Number of protein chains: 2
Amino acid sequence: MPAVPDYLRISNRIMTEVESGKLKPGEKLPSIAQLCELHQVGASTIRQVFIRLEALEVINRRQGKGVFVTDPKTWLRKP
Amino acid sequence: MPAVPDYLRISNRIMTEVESGKLKPGEKLPSIAQLCELHQVGASTIRQVFIRLEALEVINRRQGKGVFVTDPKTWLRKP
DNA sequence: CCACATTTGTCCGTATGTATC
DNA sequence: AGATACATACGGACAAATGTG
């Protein structure tokens with residue numbers, strides 16, 4: 001078993017990319033299908049990523065439109 | 001379709017029960033099988049609940065042992 | 001208005017692995 | 001060894017919102 005499961009690895013990677021400026025607030029993430037292809041995982045795994053990132057307020061999901069990145073300043077994190 | 005999906009409804013319910021004292025910090029949640037029975041959902045839905053609650057640091061999952069509640073004071077929330 | 005494609009949303013069942021008791 | 005319980009991932013089915021023509 002991997003030390004870090006896919007859904008956590010991908011979540012952390014996305015958060016890092018936003019913090020580094022590679023992904024900017026307001027920007028739309030690739031579609032689920034594209035993320036599946038990119039990370040070589042199933043759609044259900046991407047869904048776990050989204051549930052986690054949404055809980056932390058890192059992303060904003062809009063049915064039919066896409067998934068958008070928020071500003072790191074609004075993320076939920078430890079004090 | 002329900003205004004609030006199962007995984008959110010159940011997540012919120014658990015958080016409310018901890019805040020109200022019905023569930024105490026350190027306490028073990030019912031098993032996945034029991035939660036499925038209790039809420040009449042599949043195990044995959046309970047998993048979504050756990051992923052969300054873990055992101056918010058409301059629970060602590062320990063493989064083979066169980067899922068334990070944390071103290072509301074340590075939860076991630078909006079300032 | 002309608003038809004269609006795209007995209008996200010939700011839920012389920014199953015297979016397999018790993019830790020604990 | 002066996003039972004229990006959590007962990008991860010996958011694929012399928014259907015719903016709902018959006019945009020385009």
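Predicted model, so just to flag it, every value in this text is computed and none were measured.
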Requested in this report: Please round to the nearest 0.5 Å and tell me the distance separating atom CD1 of A:Ile14 and atom CZ of A:Arg9.
Outcome: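 Rounded to the nearest 0.5 Å, the CD1-CZ separation comes out at 10.5 Å.
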Report task. Check whether any side-chain heavy atom of A:Arg61 sits under 4.5 Å from a side-chain heavy atom of A:Phe50, and report yes or no. Result ->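 They are in contact (side-chain heavy atoms under 4.5 Å apart), so the answer is yes.
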Requested in this report: Report yes if some heavy atom in the side chain of A:Val49 is under 4.5 Å from a heavy atom in the side chain of A:Ser11; otherwise report no.
Outcome: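 Yes, their side chains come closer than 4.5 Å.
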Find the distance [X]:[atom1] to [N]:[atom2] and express it as a whole number of Å.
| X | N | atom1 | atom2 | answer |
| --- | --- | --- | --- | --- |
| B:Asn60 | C:dT20 | CG | C1' | 16 Å |
| B:Leu29 | D:dT4 | CG | P | 20 Å |
| A:Ile32 | D:dA17 | CD1 | C1' | 13 Å |
| A:Gln48 | D:dG11 | CD | P | 13 Å |
| B:Arg9 | C:dC11 | CZ | P | 8 Å |
| A:Gln34 | C:dT7 | CD | P | 7 Å |
| B:Leu35 | D:dT4 | CG | P | 17 Å |
| B:Arg61 | D:dA7 | CZ | C1' | 7 Å |

Query raised in the report: Counting side-chain heavy atoms from C-beta on, which of D:dT18, D:dC10, C:dC12 comes nearest to B:Val41?
Result: C:dC12
Query raised in the report: If you check every side-chain atom of B:Pro5, which of C:dT7, D:dG19, C:dT10 has the closest atom?
Result: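 Between C:dT7, D:dG19, C:dT10, the one nearest the side chain of B:Pro5 would be C:dT10.
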Query raised in the report: Are A:Glu19 and A:Arg13 close enough for a salt bridge, meaning some N to O gap below 4.0 Å?
Result: no
Query raised in the report: Does CD in A:Glu37 sit with more than 12 non-hydrogen atoms of other residues, nucleotides or ligands closer than 6.0 Å?
Result: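 Open: at most 12 neighbouring heavy atoms sit under 6.0 Å from CD of A:Glu37.
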Query raised in the report: Is a donor-acceptor contact shorter than 3.5 angstrom present between the side chain of A:Gln63 and the base of D:dA16?
Result: yes
Query raised in the report: Quick one: is A:Tyr7 getting a side-chain N or O under 4.0 Å of the D:dA9 phosphate, OP1 or OP2?
Result: no
Query - Short side-chain N/O contact to C:dT6 OP1/OP2 from A:Ser31, under 4.0 Å - result: no
Base, sugar-phosphate or nothing for [X]? Non-hydrogen atoms, less than 4.0 Å.
| X | answer |
| --- | --- |
| B:Ser44 | base |
| A:Arg47 | base |
| A:Gly64 | base |

